[in-house]
Peer 1: 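So that we are looking at the same thing, I have put the structure below in structure tokens.
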Amino acid sequence: MQKPLIDYLPSRIWLMKSEPDVFSFFDLEKKMGQKEQWDGVRNYQARNFMQKEMKVGDKVLFYHSNANPSGIVGLAEVVEEAKPDFTALDPNSEYFDPKATKENPRWYAVTVGKPQKFPKFISLSEMREHEPLQNMLLLRKGQRLSILPVSLNEYSFILQLARFHK
DNA sequence: GCCAACGTTGGC
DNA sequence: GCCAACGTTGGC
């Protein structure tokens, strides 16, 4: 019997996946103001995390998915609470959702900023090697959610692996 | 490119 | 509400 996701809440630490070909950690670093709304999420569970659970100041482990290799590149932070994701209303956007309206935007997204690159990149395969990370939601078979809560112990361990001290 | 494991949609 | 068909995610 696996622990349901909801048992990990409330969390103040999150792992957010992004495909680097679409939007990478380095894109965030280069972004004006070094912040970006996390738009394009079209999964209800991930949206609910952003809309209902994520608060300004929450820590974000920035994960590159579909990458060579996939893994955590650095730390970031929630800098603005969830607001409507207007890409859903834009017919020219690949994230357009015909069911979204101005009155009911349907999709919401937090804004992520304050990127801090890890001295050492943490690959997915490295995470699998470490006992203290074996219960990470990220490592669960079949877990595809793009936003996942992270426990404090997992977070501390990852910061050590990444040689990140602050 | 393959494909397992999910999530979503829509007919009934 | 069930569930088959389809679409997506993301590691490999």
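Lettering of chains follows the sequences in order, A, B, ..., and the numbering in each one begins at 1.
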Peer 1: Whole-Å distance between C/dG7 P and A/Arg144 CZ?
Peer 2: 14 Å
Peer 1: Taking atom types as modelled, is there a side-chain donor on A/Arg42 or A/Thr87 under 3.5 Å from an acceptor on the other?
Peer 2: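 Judged by distance alone, the side chains do pair up.
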Peer 1: Let me know the distance between CG of A/Leu145 and P of B/dG7, rounded to the nearest Å.
Peer 2: 8 Å
Peer 1: Could you state the atom-to-atom distance from CD1 of A/Ile147 to P of C/dT9 in whole Å?
Peer 2: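 Roughly 13 Å, once rounded to whole Å.
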Peer 1: Does a side-chain N or O from A/Lys17 land closer than 4.0 Å to OP1 or OP2 of C/dT9, or not?
Peer 2: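 Answer is no, no contact under 4.0 Å.
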Peer 1: Please compare A/Gly142 and A/Tyr44 by the position of their nearest nucleotide in DNA chain B and report the one closer to 5'.
Peer 2: A/Gly142
Peer 1: Quick check for you: among B/dG7, B/dA4, C/dG11, whose closest atom lies nearest to any side-chain atom of A/Lys141?
Peer 2: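 For the A/Lys141 side chain, the nearest candidate turns out to be B/dA4.
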Peer 1: How long is the line joining CZ of A/Arg140 and P of C/dG10, in whole Å?
Peer 2: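 Value for this atom pair: 16 Å.
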Peer 1: Take A/Asn66 and A/Gln143, find for each the nucleotide of DNA chain B with the closest heavy atom, and name the residue whose nucleotide sits nearer the 5' end.
Peer 2: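 The residue whose closest nucleotide sits nearer the 5' end is A/Asn66.
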Peer 1: I want to check one thing: is the phosphate of C/dG11, taken as OP1 and OP2, less than 4.0 Å away from some side-chain N or O of A/Tyr63?
Peer 2: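 For C/dG11, OP1 or OP2 has a side-chain N or O of A/Tyr63 closer than 4.0 Å.
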Peer 1: Verify, without hydrogens or angle tests, whether A/Gln37 (side chain) and A/Lys83 (backbone) share a donor-acceptor contact under 3.5 angstrom.
Peer 2: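 Yes; judged by distance alone, with no hydrogens or angles, the pair exists.
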Peer 1: Just compare B/dT9, C/dG11, C/dG7 and give me whichever is closest to any side-chain atom of A/Lys99.
Peer 2: B/dT9
Peer 1: Around atom CD of A/Glu81, are there more than 12 heavy atoms of other residues, nucleotides or ligands at under 6.0 Å?
Peer 2: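 Not buried by this count: 12 neighbours or fewer within 6.0 Å.
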Peer 1: Quick one: A/Leu148 CG to C/dG11 C1', roughly how many Å, whole number?
Peer 2: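 That distance rounds to 15 Å.
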Peer 1: Would you say the side chains of A/Asn153 and A/Ser151 form a donor-acceptor pair under 3.5 Å?
Peer 2: no
Peer 1: Please state how far atom NE2 in A/His64 lies from atom P in C/dT9, giving the value in whole angstrom units.
Peer 2: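 Between P of C/dT9 and NE2 of A/His64: 17 Å.
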Peer 1: Rounded to the nearest Å, what distance is computed from the CG atom of residue A/Asp97 to the P atom of nucleotide C/dT8?
Peer 2: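 From A/Asp97 CG to C/dT8 P: 13 Å.
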